[in-house]
Enquirer: 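For reference, the structure I am asking about is given below.
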Amino acid sequence: MSTYAAILFQVLFAVSALGQQIADTTFTFPIARPAYAFGQGSVVAVDAAHNNFHTLDGRYAPFGKVLANDGYRLVSNDVPLTPEALKTYRIFVISNPLDSSNTANWQLPTPSAFSDTEISALNTWVKAGGSLLLIADHMPFAGAAHDLAKSFGFDYLNCFAFDNRRRSLERFFKSNGTLASNALTQGIDTVITFTGSAFRIPPGAAPFLLLRDYTLLSPEVAWQFEENTPATRGEGYYQGASMSYGKGRVVVMGEAAMFTAQLSGPNRSPVGLNRPEARQNNQLLLNIIHWLDGL
């Protein structure tokens, strides 16, 4: 089987497996020792002001549920990013933003979901001590988040990241070095992702999800791949990295389903934290939030 044929097989599998995604409202993850008493933790704001595919009242409800069980106070941000809006937040989460031109049109071009003024405000907020978790999935989301990520030195490729080993799930292991050992991966030996995008990192950033033996396809229309679709080797690209930035901290991710629990397709197949293979993703999420919180 050629590399292109193998990837096409993987694409067809992914499309059939994902389908229409809804939040799995029955999902729960018990936490033996929460970081805070219930409702007493730092404020975590999840963005809903930029046509986000994932919001607290939608597909990222399970994300919020995990953090609420750890004592965090979850709020939804539905206003443009300004110093005034950001000042009450400790951690700001952005998952899969989109420009208004792409909400029903997942094809090039994919303009920035954020204005220059918003990017400047968020960058200044982090530099002064705020913490940002930026998550941008496969094209067109990586394109919409590109300019914001670039302001911190991260360079999203507006692509689909496919594992050349034709696995139905993307698996990262400490045993083979694709899952790096650091504070964010403590107590974890396996992480699962579900396709996603890829990015390069600036000096000083610490990657923890390394894309080895991957092909990065950059189509003009999401999920439409041809023989001449631009392809890039995955070496030197990542799906997870962290970095201190001024007095603040940044974690950048290239996949979003890994941090929520969804039901997909007519059979309501589990995708995300509710997959048995992905149970350790819950601890990764908590580790990331704790690091961003300075715990």
Enquirer: Could you tell me whether the side chains of E255 and S197 share a donor-acceptor contact shorter than 3.5 Å?
Expert: no

Enquirer: Sequence neighbours left out, cut at 3.5 Å: what donor-acceptor pairs do the side chains of residues 27-40 make with other protein atoms?
Expert:
residue : atom : partner : partner atom : Å
Y36     : OH   : S42     : OG           : 3.4
Y36     : OH   : D293    : OD2          : 2.6

Enquirer: Judged by modelled atom types alone, do N158 and T110 share a side-chain donor-acceptor pair under 3.5 Å?
Expert: yes

Enquirer: Do S269 and N267 have a side chain donor and acceptor closer than 3.5 Å?
Expert: no

Enquirer: When you check the side-chain N and O atoms of D78 and S76, is any donor under 3.5 Å from an acceptor?
Expert: no

Enquirer: Contact between R249 and V126 at the side-chain level, heavy atoms closer than 4.5 Å - yes or no?
Expert: no

Enquirer: Taking the side chain as every heavy atom from C-beta outward, state whether L157 and S218 have any pair of such atoms under 4.5 Å apart.
Expert: yes

Enquirer: Begin with the C-alpha distance, continue with both residues' side-chain angles, and end with the deciding distance and a verdict on ring-ring contact (aromatic ring centres under 6.0 Å, His included) for H138 and F160.
Expert: CA-CA 5 Å; H138 57 68; F160 287 74; 4.5 Å; yes

Enquirer: Does CD in E84 sit with more than 12 non-hydrogen atoms of other residues, nucleotides or ligands closer than 6.0 Å?
Expert: no

Enquirer: List the atom of A49, the atom of V79, and the distance in Å for their closest heavy-atom pair.
Expert: CB-O, 3.4 Å

Enquirer: Does the distance from a Lys or Arg side-chain N to an Asp or Glu carboxylate O, for E170 and R167, drop under 4.0 Å?
Expert: no

Enquirer: Mind listing the closest non-hydrogen atom pair of D47 and H50 along with its distance?
Expert: OD2-ND1, 2.7 Å

Enquirer: In a table with atom names and distances, give each donor-acceptor pair under 3.5 Å that connects a side chain of residues 198-212 to protein atoms at least two apart or in another chain.
Expert:
residue : atom : partner : partner atom : Å
R200    : NE   : Y237    : OH           : 3.4
R200    : NH1  : G236    : O            : 3.4
R212    : NH1  : N176    : O            : 2.9

Enquirer: For the residue pair D137 and H54, confirm or rule out a side-chain donor-acceptor distance under 3.5 Å.
Expert: no

Enquirer: Is there a side-chain contact between V75 and V43, using heavy atoms and a 4.5 Å cut-off?
Expert: yes

Enquirer: Would one find more than 12 heavy atoms of other residues, nucleotides or ligands at under 6.0 Å from atom CZ of R268?
Expert: yes

Enquirer: Are Q186 and N287 linked by a side-chain donor-acceptor pair shorter than 3.5 Å?
Expert: no

Enquirer: So which heavy atom on Q239 is nearest to which on T193, and how close?
Expert: OE1-OG1, 3.1 Å

Enquirer: F172 vs Y214 aromatic rings, parallel, tilted or perpendicular, using cut-offs 30° and 60°?
Expert: parallel

Enquirer: Would you please name every residue forming a salt bridge (charged side-chain N to carboxylate O under 4.0 Å, His left out) with R279, sequence neighbours left out?
Expert: none

Enquirer: Over all heavy atoms of both residues, which pair between H290 and D70 is shortest? Give the atoms and the distance, please.
Expert: NE2-OD2, 2.6 Å

Enquirer: Heavy-atom distance under 4.5 Å between the side chains of I94 and N52, does that happen here?
Expert: yes

Enquirer: Residues in side-chain hydrogen bond (donor to acceptor under 3.5 Å, both in side chains) with S175, at least two apart?
Expert: none

Enquirer: What residues, two or more places apart in sequence or in another chain, satisfy ring pair (Phe, Tyr, Trp, His ring centres under 6.0 Å) together with W106?
Expert: F53, F141

Enquirer: Ignoring hydrogens and angles, tell me if any N or O in the side chain of N123 forms a donor-acceptor pair with the backbone of S151 under 3.5 Å.
Expert: yes

Enquirer: Are there over 12 heavy-atom neighbours, none belonging to E220, within less than 6.0 Å of that residue's CD?
Expert: no

Enquirer: Identify, with sequence neighbours excluded, every residue that meets side-chain hydrogen bond (donor to acceptor under 3.5 Å, both in side chains) alongside K247.
Expert: none

Enquirer: Determine yes or no for a side-chain-to-main-chain donor-acceptor pair under 3.5 angstrom, with S115 supplying the side chain and E118 the backbone.
Expert: yes

Enquirer: Between R59 and T260, which heavy-atom pair has the shortest distance, and what is it?
Expert: O-OG1, 2.7 Å

Enquirer: To check you understand the geometry: which heavy-atom pair defines the closest contact between Y60 and A256, and what is its length?
Expert: OH-O, 2.8 Å

